[in-house]
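Each remark here refers to the structure printed beneath this line.
Quick note: numbers below take in every heavy atom, side chains included, and nothing from hydrogens, waters or symmetry partners. Numbers here are sequence positions counted from 1.
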Amino acid sequence: MKSTSVRRVTLSIALVSALAGVAACSSGSSGGSGKDDKAAQGTTRVSPIAALQSAEKSTDGADSAKIESTTSLGTLMSMKSNGSMGWGSGLTGDMTITYTGGTLAEAMRKTGSTSMQARYLSDAYYAKMGEAFAQQTGGKHWVKYAYDDLAKIAGGSGAFLKDQMQNSSPNQSVKLLLASGDVKKVGDETVRGEKTTHYAGTVNVSDLAAKSSHLTASQLADLKKQFTQAGITTEDVDIWVNGKDLLVKAVSKGELSSGTMSSTTYYSDYGVKVAAVAPPASDTTDFKDLLKTQGLTPGSGDTSSGSSDTSG
């Protein structure tokens, strides 16, 4: 496998797995309810802010849930993911990710893979690849991505990714709306047979990063620059909360230079047991070491982007 292919594939895996995890535990078409969501009669007697503050607390305290999501990044990638995730002590869990379209999905198919298993632990996540990839890595099927290494790859965005992977939970969607200062109750609706209240708002992405992360001033400045280059300015966020003040659905939508960015996530079975463990070391190769064998260095210009090379 040529070094350009290794670069594309390993960074594609990093992007896909990380986005699946963050989208599953934060937010993700905006405005409307889904095709299986129907308007219902009823009123909420508390203010949207008070209701969301209660939902934030309840969802955060639930610690885990089953998750089903769809994510689209314009022409770059679209995918579906499902599994169980916990957030009581950092983001942990198992997700199955299926690539449904986009240029990164095509790069993944060239490795003989149309789907991937991802395991999320407190300090790293692991992606299981297909047999074709294993043949290029001494028979090893898993790639380890340590969050510290990811933080070195892409400046501010890498640091933000690390922060989100280690601190995300479903109530991040609620925090988005509370932090925006722009939140309204849309109405009472039924989502997959469950009565919920629908709230919506618009978030300034750069301001949100400053409020919801633990980045330094220089990291935030770098992140804002990268957001601007990617064409990301605002994000529309919609959430649906049930009678137990738990998040049932989260939807977000924004614009990228490569097209529309959107994510829809459903949550169920709060409190489900999550027991993610690292795969066997004998069947795992490290992302950083994999790049080094190709003469590439994490944090250098060689690995600053996963999409600048298109030849295999």
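Between Ala124 and Tyr147, the shortest heavy-atom distance links the atoms N-CE1, 3.2 Å. Across every non-hydrogen atom of Ser69 and Ser81, the tightest pair is OG-OG, 2.6 Å. Nearest heavy atom pair, residue Ala250 against residue Leu247, reads CB-CD2, 4.2 Å.
Thr98 contributes no side-chain N or O that, together with a main-chain N or O of Ser115, makes up a donor-acceptor pair within less than 3.5 Å. With Trp240 contributing its side chain and Val191 its backbone, the two residues share no donor-acceptor pair below 3.5 Å. Remark: the backbone N or O of Glu189 is paired with a side-chain donor or acceptor of Thr196 at under 3.5 angstrom. A distance-only check finds no donor-acceptor pair linking the side chain of Asp269 to the backbone of Val272 [under 3.5 Å]. Between the side chain of His141 and the backbone N or O of Gly139, at least one donor-acceptor pair lies under 3.5 Å. Between the Thr92 side chain and the Ala276 main chain, no donor and acceptor come within less than 3.5 Å of each other.
Checked for salt-bridge contact, Asp236 and Lys253 miss the test: no charged N lies under 4.0 Å from a carboxylate O.
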* To do: Test Val237 against Tyr199 for side-chain contact (heavy atoms from CB on, under 4.5 Å), laying out the working first.
  => CA-CA 8 Å; Val237 178; Tyr199 301 94; over 6 Å; no

* To do: List the steps, then state whether side-chain contact (heavy atoms from CB on, under 4.5 Å) holds for Leu246 with Val248.
  => CA-CA 6 Å; Leu246 293 171; Val248 173; 5.7 Å; no

* Evaluate side-chain contact (heavy atoms from CB on, under 4.5 Å) for Met95 paired with Tyr120, printing each intermediate quantity in order. => CA-CA 8 Å; Met95 297 287 286; Tyr120 303 87; 3.6 Å; yes

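Here Met79 contributes atom CE and Thr70 contributes atom OG1; the two are 9.5 Å apart, rounded to the nearest 0.5 Å. Rounding to the nearest 0.5 Å gives a distance of 8.0 Å between CZ of Phe287 and OH of Tyr125. Note that the OG1 atom of Thr284 and the NZ atom of Lys140 stand 7.5 Å from one another [nearest 0.5 Å]. Lys288 contributes atom NZ, which lies 4.5 Å from atom CG of Asp149 (distance to the nearest 0.5 angstrom). To the nearest 0.5 Å, atom OG of residue Ser78 and atom CE of residue Met261 are 14.5 Å apart.
Side-chain contact check for Lys80 versus Ile97: every heavy-atom pair is 4.5 Å or farther apart. At a threshold of 4.5 Å between non-hydrogen side-chain atoms, the residues Thr265 and Ile67 count as touching. Between Trp142 and Met129 the shortest side-chain heavy-atom distance does not fall below 4.5 Å. Here the side chains of Ile239 and Lys249 are not in contact, with every heavy-atom distance at 4.5 Å or above. Residues Val274 and Asp63 form no side-chain contact, since every pair of their non-hydrogen atoms from C-beta on lies 4.5 Å or further apart. Put simply, the side chain of Thr59 does not reach to within 4.5 Å of the side chain of Asp245, judged on heavy atoms. Annotation: side chain of Met116 is in contact with side chain of Tyr99 (closest heavy-atom distance under 4.5 Å).
Shown here are the salt bridge (Lys or Arg N to Asp or Glu O under 4.0 Å) partners of Asp286, two or more places apart in sequence or in another chain: there are none. With sequence neighbours excluded, the residues forming a salt bridge (Lys or Arg N to Asp or Glu O under 4.0 Å) with Glu68 are Arg192, listed by chain and number.
Checked options Lys66, Lys273, Arg119; the residue passing with Asp94 is Arg119 (criterion: salt bridge (charged side-chain N to carboxylate O under 4.0 Å, His left out)).
No donor-acceptor contact under 3.5 angstrom links the side chains of His198 and Asp188, judged on distance only. Ser262 and Ser72 form no side-chain donor-acceptor contact under 3.5 Å, judged by distance and modelled atom types alone. Under 3.5 Å, the side chains of Thr285 and Thr137 contain no donor-acceptor pair of N or O atoms.
Ring-plane geometry between Trp87 and Tyr270 is classed as perpendicular, the angle between the planes exceeding 60 degrees on a 0 to 90 degree scale with a lower cut at 30.
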